[in-house]
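Below you'll find the structure, written out as structure tokens, and then a few comments.
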Amino acid sequence: MEKLFGTIKEQIEKADDEKISVEDRDLLRLLETKAVDEALAIAERSRIPGLKKTVKVCTKVIGKVLDLEAQPPSGQAAEEELSGTAADLRQHRVDKMERIRERGDNPFKFAFDRSHNIGEARVAFEAAEPAGTEESPAEVPARLAGRLVAFRNQGKSCFADIRDEFGRIQLFMGLKQVGEDVFASLKDLDIGDFIGVEGAIKRTRRGEITIFATGYEILTKSLRPAAEKHHGLKDVETRYRKRYLDMVANPEVLETFKKRIQVVSYMRQWLEKQGYLEVETPMLHPIPGGATARPFITHHNTYDRDFYLRVAPELYLKRLIVGGFDKVFEINRCFRNEGVDTRHNPEFTTMELYEAYQDYMGLMEETEEMLTYIIEKIVGGTSFEYQGNTIEVKRPWKRMTLHDAIREYAGIDLEATRDRDEAVNLAKSVGVDVDPSMGYGKIVDEVMSDKVQPHLIQPTFLYDYPIELSPLAKKKRDNEALTERFQPFIACMEVGNAFSELNDPIDQRERFESQVALREAGDDEAQFLDEDFIASLEVGMPPTAGLGIGIDRLAMIVTDSASIREVILFPQLRTV
RNA sequence: GGACGGGUAGCUCAGUCGGUAGAGCAUCGGACUUUUAAUCCGGUGGUCGUGGGUUCGAUCCCCACCCCGUUCACCA
């Protein structure tokens with residue numbers, strides 16, 4: 001290492017002055033502080049001969065050292081640097097915090113005994129109100145707490161708004177009611193502080209439900225302001241990276257996530273009622289399986305071997321059906337090392353279920369029932385808006401075979417042929433851009449997503465998919481070219497995938513082998529052969545139907561969200 | 001990875017056909033006892049994403065890079 005640094009120094013010193021740029025001189029310092037990427041970037045631009053190569057070697061060495069040090073990703077710098085105004089704003093609040101301490105108060109309390117949350121308080125007042133009269137209007141005594149979200153000081157009286165998870169309520173404090181000392185201490189409050197108040201809930205002359213406080217208590221001093229009051233926080237990068245700021249500034253975000261939480265909750269409720277058992281299967285897979293997708297690789301130190309983060313729980317869940325559970329499900333994360341866009345996050349949540357003695361048609365009924373149950377519970381009816389379209393979820397949903405759908409929407413018949421070249425020509429004839437290297441199955445898939453999917457605004461089941469696309473599904477009972485598989489679509493999005501599970505171990509081995517052949521031909525998404533899984537099928541899996549549902553997509557649909565990042569609390573962004 | 005758009009005060013945004021920047025809100029000081037985007041008066045606050053280049057001079061023009069969004073490719 002020292003030697004490499006020496007070489008770099010030498011190269012810089014020996015170079016012609018005109019070739020040395022200002023940033024070249026920074027190289028060593030950057031390397032010493034392990035700013036590897038930056039140093040590399042400078043070396044790329046440098047005009048000093050040979051320097052680039054030396055720096056590259058050097059950064060490689062440092063990279064290895066960093067990897068070793070990284071083990072538990074070490075915490076970042078102690079305090080995020082604030083500059084200019086931000087630092088001033090914080091300092092003002094720190095000063096106020098000190099003043100609170102100086103008068104013997106604690107700006108970070110331990111608890112506050114509330115009589116109601118704010119939502120309950122409003123309900124309680126509205127319930128009591130009709131009993132009041134002109135002379136003695138209703139009032140409800142209460143102790144409430146919340147975050148201060150607005151503050152309107154009048155000089156000798158003030159109005160403020162406090163908010164908790166369940167609502168917002170106005171607060172009134174008058175100089176006479178609270179006394180001079182308390183009133184003066186209001187100076188040390190800021191938007192964002194948590195306070196507790198005690199008083200009577202009444203209506204003001206202007207009709208606003210208001211707690212007339214006899215006093216207040218600071219519960220938590222906020223040292224950092226959240227966002228502007230009526231434009232909220234709009235910068236999407238900040239919204240995703242600092243979700244807490246998004247939630248504080250944009251309360252509707254809480255509602256979006258509550259709906260997402262309900263999706264999972266109602267789904268679990270429905271499944272348990274049907275007798276499904278919730279299980280947990282490994283996230284670390286020695287062989288990634290259950291889906292055609294590129295996996296993340298990770299490493300176990302003691303075993304000294306690589307594992308894959310799971311791309312799907314499918315093969316483990318089916319082993320449980322082999323083992324003797326009849327109805328199981330799992331709601332959990334999957335990880336796929338692929339593109340990121342408005343519908344894809346590297347980690348996402350799925351529900352997978354498996355039901356013994358059932359086939360795909362029976363499962364289609366169940367799926368329709370479950371999804372309508374969840375959606376109706378959340379949207380409060382059978383129809384809702386998604387991105388400008390009215391979606392009607394009333395049963396029964398439309399059902400079409402994949403080939404019928406292609407005939408209807410693309411105007412070509414891909415079922416008439418099994419020939420790859422003919423399929424390519426047919427696809428091209430309707431303007432679908434296909435690559436001659438694609439297999440027949442891929443071509444069908446391409447035509448489907450290009451020509452059919454955009455029409456599937458209303459809930460629709462497509463079923464009977466080409467065998468090439470579905471290495472884990474049973475062949476259709478009367479047509480060997482197809483599998484017994486279906487996908488539900490809502491608002492043009494695939495929200496799930498299901499099939500009669502392939503339980504013939506001989507057939508399964510052949511399907512895996514053709515996947516392995518694809519893999520060897522360079523398709524790095526093709527599936528691996530899982531010997532133990534085949535062994536389990538040889539022990540015997542009853543006829544089984546299985547279903548996977550994309551929870552994030554379902555959440556997008558019921559929350560009218562255009563991007564998956566709106567329904568994932570902490571979506572994956574590049575680390576800066 | 002490609003194409004397009006974006007990054008200016010704590011927040012939301014304007015702007016400079018190249019002469020080192022503005023508004024509203026927030027903040028600070030003052031006035032105000034029924035406001036609710038409170039109001040009125042005065043002030044503070046910016047390495048204009050980062051690094052180079054061109055230029056007497058760059059936030060603006062050119063190049064590279066970083067980050068975000070949309071979209072295409074791959075996928076759920």
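Only heavy atoms go into these numbers, but all of them, side chains included; no hydrogens, no water, no symmetry mates. Convention: sequence-line order gives letters A, B, ...; per-chain numbering from 1.
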*Taking only Lys NZ, Arg NE, NH1 and NH2, and the carboxylate oxygens of Asp or Glu, determine whether K442(A) and E446(A) approach each other closer than 4.0 Å.*
no
*Going by an N to O cut-off under 4.0 Å, is there a salt bridge joining R310(A) and E330(A)?*
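Yes.
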Categorize [X] for me: base, sugar-phosphate, or nothing, with a 4.0 angstrom heavy-atom threshold over every strand shown.
X	value
G550(A)	nothing
R574(A)	sugar-phosphate
D445(A)	nothing
R168(A)	nothing
K202(A)	nothing

*Taking only the side-chain nitrogens and oxygens of T85(A), find out if one of them lies under 4.0 Å from OP1 or OP2 of G10(B).*
yes
*OP1 or OP2 of U71(B) sitting under 4.0 Å from any side-chain N/O of T342(A)?*
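Yes, within the criterion.
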_Please pick, from C74(B), G69(B), U33(B), the nucleotide with the shortest atom-to-atom distance to any side-chain atom of Q154(A)._
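That would be U33(B).
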_R241(A) side chain, from C-beta outward: closest of G69(B), C28(B), C67(B)_ =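 Ranking G69(B), C28(B), C67(B) by closest atom to the R241(A) side chain puts C67(B) first.
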_So if I apply the salt bridge (Lys or Arg N to Asp or Glu O under 4.0 Å) rule between E566(A) and each of R260(A), R239(A), K259(A), which one comes out positive?_
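Among R260(A), R239(A), K259(A), the one that satisfies the salt bridge (Lys or Arg N to Asp or Glu O under 4.0 Å) with E566(A) is R239(A).
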*Please lay out, stage by stage, how Y360(A) and F499(A) fare under the test ring pair (Phe, Tyr, Trp, His ring centres under 6.0 Å).*
CA-CA 5 Å; Y360(A) 77 138; F499(A) 27 86; 9.6 Å; no
_Near-parallel close stack of F348(A) and A76(B) base (under 5.5 Å, under 30°)_ =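 Yes, aromatic ring over the base.
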*What integer number of Å spans the P atoms of C62(B) and A21(B)?*
22 Å
Tell which nucleotide pairs with [N], taking only Watson-Crick or G-U wobble pairs whose two distances are both under 3.5 angstrom.
N	answer
A58(B)	none
U34(B)	none
G24(B)	C11(B)

